[in-house]
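Below: the structure, in structure tokens.
Because the structure is predicted, anything quoted here is derived from the model rather than measured.
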Amino acid sequence: MIRLAIINSPERTITVDNYNSLENQQPQPAPEWIDILKKDLNQAQFEFATTNDPALLGLAGPGSGKTRALIYRAAHLIKCDVRPEQLLLLTFTNKAAGEMKERLEKLLGFLPGELWAGTFHSIGSRILRRHFAQVGRTPNFTILDEDDSRSAMKHILNTLQIGDEDRKLIMQRGLLGRIISQARNSGISIKQVMEEYYPYRLEFLETVNNVAELYEQKKRDSNAFDFDDLLLCWLDLFEKNPQIREQYRRRFKHVLVDEFQDTNIVQGRIIDLFTGQSSVCVVGDDAQSIYAFRHAHIGNILSFPDRYDRCQVVRMEQNYRSSPEIVELANCLISYNREQLPKKLFSRNPSEAKPVVAKVFDSRQEASFVLQSIWELQNSGIPLNEIAVLYRSSYLTPEVEFALGRQGISYRTYGGIKFFQKAHVKDILAYLKVIYNPHDENSWRRITTLQQGLGQASFDKLWSKLKLAENPLEAALAGKETPSRGKEGWEALRITLNTLSSSSHDNVPGLINTVLEMNYNDILGQNYADQYEDRLHGIERLAIYAERFDHLSAFLESLALEESVFSDTSTSSDFSGGQLTLSTIHSAKGKEWDSVFIIGMNQGQFPSRRVDPASLDEERRLFYVAATRARRYLFLSTYREDYRNYGSGSEGPSQFLRELPSECYHLVDYEG
């Protein structure tokens, strides 16, 4: 495993030792080009595009045209007779890289073939193929995707002396790969990662270390790299081979990086290594750094002005997206962050209504508020595809999804799947379907194979006999059939089903709680350890929805009808204009809508109760990102009922709402 012993040193100053000043040697472009820049760019963007400083940070707020400014800077350099092959443009996604090249081609009238522009990973792959011998590969090495890596680790795990259940736990939802990747990208040991982030799996520390070592060997033997290697080995190549590093520093006189706030420690160190003869220009917004869970290191951008000698900071503060009212709210909310590079957004867009903060009684009333507001937006000419409902966690969506489905409003989701398609919801419903319809083979299969030691083959043998009984549930409870393996799991299931079948079917929330408490809670913890709380809250939301039904039959019939509505994208209704968007805030980054709802603005939900004080700034940045997705209308909702303890008081409105000055929003006590 490649160790990164020197990447955590943000206090050092990166000097510009051999940099030839562009101020003295850069040719001046034609006046016509300068006229185009002045026409197309505002003053800050123009300064960013044309400055000659060897280290440049474009500190750009949301909707400020930062990528536009970066593209104009690249075009300006080419117009100043910098050869295209001396430019290196880096970004994060293939889509973003493609858009950068398209916009540059449109601006110049051609796309220089010698230009290097792409994602960090694609550029890393390109460099490693040129220097394959130094990294222990041949030039035709293959790149493992996530499925390939997972398969390789699973194969390695199968060769180790570890029990089937332990193997299942450590492979669950990519946990093994996540631990190894996090250690490599953070420059810390696997032990440190597991102690801090996965203490509930520390018993597997030795196994994870063994797999990591064998995985590295397997990649070498297979002449392959994974995605992490494309960055780590690029960094290692430059650090161990000064002559190669100097070759690229001489070649790329200008390194330009988009979305710099999303770089991890490894990417930040790679950029540092270009300095000396190269001009380093980065653009980003520390207030939109929300991907720490993907190893993004906000210190890269926060320390950039202090780390780089002769660094100029250009603040792009004009927001072209949102109304002045939304921008003012965004400025107020982010001002509470302790560590940040200060800036103050402003907007010259037409004035709109103040953002709305709606106080509602419970999550059902919150859904009613969203639905009524959508109706009013539609009546004012806002199409559905210009409306989004955003949330911190996907467990907050069920009531809104129910309401949309009942009205036949078509919607799409980002950052998750629809509520009824989620595995843990289907699991709970399968228990209820079995006691309602004992001949439901699919539900029997689902709940049986959830139990410890029982797989598809065991179920097939059991069901081949149970299905012959007049009532398979009664036959199972009578103990007429017993599996040859997994007896403990089967017995736990039988006890749960016996309790359910003898309970009143008039109390559906009680049945759901019985499933959870007697059998499913442990399964939920084992199968979704990293998402346990969110999924538990989703089940509790399902129980709240069930309160409106007086019998299990009515509940299951309603859900069946809801599912058919949700799956029918052609359902007609009085709503028009495409599909509404439901999205996690993380998945909404980079998108925008005319109207945005942020639901579940309660303490403990947003910010999440799992967040420690050190991570509170990132939660507030997440709120900042959500609020600035809106162009014209912003709605924030908070409720008094705590869905976790049916009808009890909640922890109150989010502290993020309490921090906002009352003059920057309109408060509504909704009673619809």
Side-chain angles (χ1 to χ4, degrees), residues 19-20 22 25-30 32-34 36-37 40-41 45-46 48-58 60 65-131 139 143 230-231 234-235 237-238 244-260 262-263 267 270-284:
Y19 182 78
N20 295 318
L22 288 173
Q25 299 192 12
Q26 181 171 289
Q28 294 300 306
E32 294 83 2
W33 171 248
I34 298 298
I36 291 173
L37 290 180
D40 291 353
L41 304 177
Q45 292 170 336
F46 179 85
F48 177 83
T50 59
T51 186
N52 296 329
D53 294 271
L56 176 63
L57 167 60
K66 57 182 172 55
T67 304
R68 174 186 179 86
L70 190 73
I71 296 301
Y72 272 81
R73 178 169 179 80
H76 179 69
L77 291 170
I78 293 172
K79 290 286 187 178
C80 289
D81 291 340
V82 175
R83 298 194 306 275
E85 64 268 25
Q86 294 180 319
L87 268 63
L88 174 62
L89 275 70
L90 293 165
T91 188
F92 281 85
T93 67
N94 289 324
K95 180 181 178 183
E99 289 175 352
M100 285 174 64
K101 287 187 276 191
E102 287 175 9
R103 292 167 71 173
L104 185 59
E105 180 178 13
K106 184 177 180 180
L107 192 56
L108 292 174
F110 68 99
L111 181 64
E114 309 87 351
L115 177 73
W116 280 35
T119 65
F120 274 91
H121 291 88
S122 67
I123 298 299
S125 175
R126 190 170 181 177
I127 289 174
L128 293 176
R129 289 193 191 279
R130 291 187 167 206
H131 305 281
I143 299 172
L230 300 180
L231 301 180
W234 177 6
L235 174 62
L237 175 72
F238 274 20
I244 294 176
R245 180 177 70 241
E246 289 305 311
Q247 172 188 335
Y248 285 97
R249 293 209 304 178
R250 288 193 301 270
R251 170 172 180 156
F252 296 122
K253 297 297 185 184
H254 299 273
V255 178
L256 296 87
V257 186
D258 198 12
E259 303 287 3
F260 191 64
D262 294 334
T263 53
Q267 290 160 326
I270 289 170
I271 298 304
D272 288 351
L273 291 177
F274 273 103
T275 58
Q277 293 187 350
S278 304
S279 161
V280 175
C281 165
V282 304
V283 65

request  = For the pair V255 and W116, evaluate side chain to side chain contact (heavy atoms under 4.5 Å, CB included) and give the outcome as yes or no after the intermediate values.
outcome  = CA-CA 10 Å; V255 178; W116 280 35; over 6 Å; no

Minimum heavy-atom separation for [X] and [Y], please, with both atom names.
X	Y	result
W234	L230	CB-O, 3.3 Å
H254	V82	CD2-CG1, 3.7 Å
S279	D53	OG-O, 3.8 Å
I270	L231	CD1-O, 3.7 Å
R250	K253	O-CE, 3.4 Å
I143	S125	CD1-OG, 3.7 Å

inquiry  = Using side chain to side chain contact (heavy atoms under 4.5 Å, CB included), reason through I271 and T263 one step at a time and then give a plain yes or no.
reply    = CA-CA 10 Å; I271 298 304; T263 53; 5.7 Å; no

For A49, side chain to side chain contact (heavy atoms under 4.5 Å, CB included) partners two or more places apart = L41, Y72, R73

task = Taking side chain to side chain contact (heavy atoms under 4.5 Å, CB included) as the test, write out the residues that go with I36, two or more places apart.
result = W33, D40

Partners passing side-chain hydrogen bond (donor to acceptor under 3.5 Å, both in side chains) against [X] (at least two apart in sequence or in another chain):
X	result
Q45	none
T119	S122
H121	none

Determine whether [X] and [Y] make a side-chain contact, defined as any pair of heavy atoms from C-beta on separated by less than 4.5 Å.
X	Y	result
F48	V283	yes
L37	T50	yes
F46	I34	yes
F238	D272	no
L70	M100	yes
L235	L273	yes

Interatomic distance, [X] atom [atom1] to [Y] atom [atom2] [nearest 0.5 angstrom]:
X	Y	atom1	atom2	result
I71	L89	CD1	CG	6.0 Å
L111	K106	CG	NZ	14.5 Å
K79	L107	NZ	CG	7.5 Å
F274	L90	CZ	CG	7.0 Å
T51	L56	OG1	CG	6.0 Å
R68	R103	CZ	CZ	7.0 Å

query = Should T67 and T91 be marked as a side chain to side chain contact (heavy atoms under 4.5 Å, CB included) after you check the CA-CA gap, both sets of side-chain angles, and the distance that decides it?
reply = CA-CA 10 Å; T67 304; T91 188; over 6 Å; no

request  = Sorted by first residue and then second, give each salt bridge (Lys or Arg N to Asp or Glu O under 4.0 Å) pair with at least one member in residues 82-102; sequence neighbours left out.
outcome  = R83-E85

